[in-house]
Amino acid sequence: MEAVAEGLWGLADYAEKKGEIGKAVKCLEAICQSHASFLPIVEVKTRLRISTLLLKHSHNVNQAKSHLERSQLLLKQIPSCFDLKFRTFSMLSQCYHLVGAIPPQKQTLLKALDLTASLPPEVSVRLWACNFNSQLANALIIEGDYHSAFSALESGFDSASQLCYPELQMFFATSVLHVHLMQWYDDNSVQSALRRCDDLWESLGPDRREQCLGLLFYNELLHIFYQLRVCDYKNANQHVDKLDAAMKADSQKMREAQRLTNELNALNQSLSRPDLPNRERSLLSSKQAQIQDRISSMNNTNWSAEQPLEPAYFGNTKRPWQEKLVLAPPPIDGEWLPKSAVYALVDLMVVIFGRPRGLFKECAKRIQSGMRAIQVELVKLGITDGVREVDLQHSAIWMAGVYLMLLMQFLENKVAVELTRSEFVEAQEALVQMKEWFIRFPTILQACESIIEMLRGQYAHSVGCYSEAAFHYIEAAKLTGSKSMQTMCQVYAAVSYICIGDAESSSQALDLIGPIYRMKDSFVGVREQASVLFAYGLLLMRQDEYEEARARLAKGLQIAHNSMGNLQLIAQYLTILGHLALALHDTVQAREILRSSLTLAKKLYDIPTQIWVLSVLTGLYKGLGEIGNEMENEEYRKKKLDDLQTKLADAHSSIHHIELIDKVRIEVQQFHELDIKRAMESQSMGVNLDIPESVGLSTPMPASSSSRLLDLDNLDSRRRGKRKI
């Protein structure tokens, strides 16, 4: 009977190579369904093979799970065969994971770890222990048990250390750092995890680091997420540059590999000709060998000779090795995200760090390339026009969520860029796209609802609809569980209330700013502190508290300049400080500050801030009797004002304007919400990218509201609502 099994295994191999997966499965099922008796080990191997095919090439998780559960029962009768037992434990754990059955997954993994602990500490046993600890940590994270997850990852790290395997140590060290970033307990723990990653990465040496491209991207991205969290934007740029260079080098390498592969295919076609002369055949064979050697050397990594035991992610045909960014060797399923998602994430990081510096051309290029790559992947997942989340296969939900979240991040940054440039119609279009994606995938994109509301507020504020802006900011704050996001939205709302200009609105602004100002030092980064100082300084200026306002604003400017590098926020700080200097009759400082602000506003194509600065400069020149400068400045201000009014008119006449500013939340129809949430949660280590929302404050509109915001002599009505924090 063993010969029969060998024959059916061979037929299954042949069918799989031809891409006939159904035939391969039928060949294997013939063994399991036979009335003849096969040895238990033969049936176990067959069922493992069926499960692997089902997981790689289909959505039949439950069928794969049934085969693995049967294999586990059969293996109880066999005292040895530990490798088969380990494989069965690992794949069964993944099946439970995919269907959201976390308790049986944990039970399976704990049994597997008990088995590894009972065996001699051989290399293969310790590698399997690393596998099980990695999976167990992910299961524990889903349940919110972060302390136990840390314990599992540290156990994996210890096993890797006992193996003297620094790449595997690095895998567990970066995983620990990732969990710290997801669940930030205290600064010291996070910084300690960062230092360990740095020390391990440095210890690998340049040659070994070059072979660990997946770890390079994972480690550098985690460092960037940390620096985003603590608002260390200046130091993050070096990590972004390193990733961008690595991505471009790898893309070039992949293009060259594809060119060589095409050339090799053409040579193989020529060599298949029976009438090829011997001399020509010899030359072509020599060239064929050279190309094969080049392709082999290009694909050479520490782990490329060994294929992982399970698919990198479920529900997609297994991708070629060179299309992966592998984090760890077999038997660990060590890919964090597909290469296309990681590369889109690198493009996104370039945009996030380039936008505040006014690098809009590069941002536009990266947004376009990132969104194009994401659309290709969404089509592969079956997401085309008209498809909604209710239509998705359960197994495609998580990967769809990764790409959809990235798409929304690109659109969010596009909205921010277009609003900064006063391209309101383009901002509308991107925001409407976000809204439409959210309506189609409301559960997968649930976290984006607060972002959309915040962007609706930013759009409304930018076009002068301050009451509507405040409404959407407050709604955004209600929708998010992020303390940072709530704070930023409340600050944005306060600025909108200040721009409304009456006593009641100023009082509402103070009610929002006060609690935040009192706790400003409790935030992890400095973004919230810089923002609330801006809003509070603006409010103090409106209340005639010039000296106190200048002190708050000067402190905020220092933070924004030293840590954030957000040119728009710096320009707005400078404009208010220049205005205050003029109000305090310090004309020399006012002129210097306002010119700096105007330079930055021009670099950002920020027309509202330019008009704001120009209005103050006109008053300065008038007070100094510089008639020539006054006339020239006023002429330029009117030209910019005309440009702005044209853009505003286009925005207000758009069919999307009313729906975006309307004081109502987006209405969506929820489908199988629990199933989708479970699928999303089942890959918690992948989904939580921890990318913050847009950084910066909306510029107050200077046209219709300039008398409200900038006329420091006309404050009688405001004094009635004057309060202090």
Side-chain angles (χ1 to χ4, degrees), residues 44 47-48 50-52 54-56 58-76 82 84-117 127-156 159 171-172 175 178-179 182-183 308-315 328 330-336 393-399 401 674-688:
V44 167
R47 289 184 183 277
L48 279 173
I50 293 171
S51 300
T52 301
L54 291 172
L55 289 174
K56 285 182 186 176
S58 80
H59 298 280
N60 294 326
V61 190
N62 286 317
Q63 191 176 347
K65 180 167 69 70
S66 297
H67 281 291
L68 292 165
E69 287 170 339
R70 175 61 181 164
S71 296
Q72 199 171 44
L73 288 174
L74 291 168
L75 284 167
K76 286 181 178 179
F82 297 116
L84 286 177
K85 290 180 178 179
F86 290 146
R87 289 176 185 237
T88 304
F89 276 128
S90 180
M91 293 180 70
L92 185 56
S93 165
Q94 289 196 21
C95 287
Y96 286 137
H97 185 76
L98 290 166
V99 298
I102 304 305
Q105 183 194 12
K106 288 198 304 180
Q107 187 179 19
T108 299
L109 291 169
L110 290 170
K111 286 180 182 178
L113 285 167
D114 287 342
L115 180 58
T116 62
L127 283 171
W128 277 112
C130 290
N131 173 305
F132 300 135
N133 275 307
S134 176
Q135 292 197 59
L136 179 60
N138 207 27
L140 291 163
I141 289 165
I142 292 166
E143 292 190 329
D145 188 354
Y146 293 98
H147 286 291
S148 298
F150 282 125
S151 178
L153 290 172
E154 291 296 345
S155 295
S159 296
F171 165 73
F172 281 103
S175 298
H178 196 159
V179 180
M182 293 166 63
Q183 189 69 19
L309 298 177
E310 286 84 38
Y313 58 90
F314 174 74
I332 293 178
D333 177 15
E335 187 182 42
W336 173 40
Q393 291 278 359
H394 187 279
S395 55
I397 289 171
W398 173 70
M399 191 50 62
L674 290 177
D675 289 343
I676 293 172
K677 280 186 175 177
R678 187 185 299 121
M680 294 298 295
E681 288 167 355
S682 72
Q683 294 284 358
S684 59
M685 284 289 282
V687 172
N688 195 321

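Along the sequence shown, the residues carry numbers beginning at 1. The model shown is predicted, which means the values in this text are computed figures rather than measured ones.
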Closest heavy-atom pair and its distance - [X], [Y]:
X: Ser93; Y: Thr108; value: N-CG2, 4.3 Å
X: Leu68; Y: Thr88; value: O-CG2, 3.5 Å
X: Leu140; Y: Ala152; value: CD1-CB, 4.4 Å
X: Ala64; Y: Ser51; value: O-OG, 3.2 Å

Q: Please assess Phe89 against Leu115 for the test side-chain contact (heavy atoms from CB on, under 4.5 Å), listing each intermediate value before the final yes or no.
A: CA-CA 10 Å; Phe89 276 128; Leu115 180 58; 4.0 Å; yes
Q: For the residue pair Leu55 and Cys95, establish whether any side-chain heavy-atom pair is separated by less than 4.5 Å.
A: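 A side-chain contact exists here, since the closest heavy-atom pair is under 4.5 Å.
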Q.
Any non-hydrogen side-chain atom of Tyr96 less than 4.5 Å from a side-chain atom of Pro103?
A. no
Roughly how far apart are [X] [atom1] and [Y] [atom2], rounded to 0.5 Å?
X: Thr52; Y: Met91; atom1: OG1; atom2: CE; value: 3.0 Å
X: Arg47; Y: Ile50; atom1: CZ; atom2: CD1; value: 6.5 Å
X: Trp128; Y: Thr116; atom1: CH2; atom2: OG1; value: 11.5 Å
X: Leu136; Y: Asp145; atom1: CG; atom2: CG; value: 9.0 Å
X: Leu109; Y: Asp114; atom1: CG; atom2: CG; value: 11.0 Å
X: Asn133; Y: Ser155; atom1: CG; atom2: OG; value: 5.0 Å

Q | side-chain contact (heavy atoms from CB on, under 4.5 Å) evaluation trace for Asn131 with Leu127 | A | CA-CA 6 Å; Asn131 173 305; Leu127 283 171; over 6 Å; no
Q: Could you give me the CA-CA distance, side-chain angles and deciding distance for Ile141 and Tyr146, then say whether side-chain contact (heavy atoms from CB on, under 4.5 Å) is met?
A: CA-CA 6 Å; Ile141 289 165; Tyr146 293 98; 4.0 Å; yes
Q | Stepwise side-chain contact (heavy atoms from CB on, under 4.5 Å) test for His178 and Trp336 | A | CA-CA 11 Å; His178 196 159; Trp336 173 40; 3.6 Å; yes
Checking [X] side chain against [Y] main chain: does a donor-acceptor pair fall under 3.5 Å?
X: Asn60; Y: Gln63; answer: no
X: Ser90; Y: Phe86; answer: no
X: Ser66; Y: Asn62; answer: yes
X: Ser175; Y: Phe171; answer: yes
X: Ser71; Y: His67; answer: yes

Q: Go through the structure and list residues passing salt bridge (charged side-chain N to carboxylate O under 4.0 Å, His left out) with Lys65, not counting sequence neighbours.
A: Glu69
(Q) By the salt bridge (charged side-chain N to carboxylate O under 4.0 Å, His left out) test, which pairs, at least two apart or in different chains, include something from residues 99-112? (A)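 Non-adjacent pairs meeting salt bridge (charged side-chain N to carboxylate O under 4.0 Å, His left out): Lys106-Glu143.
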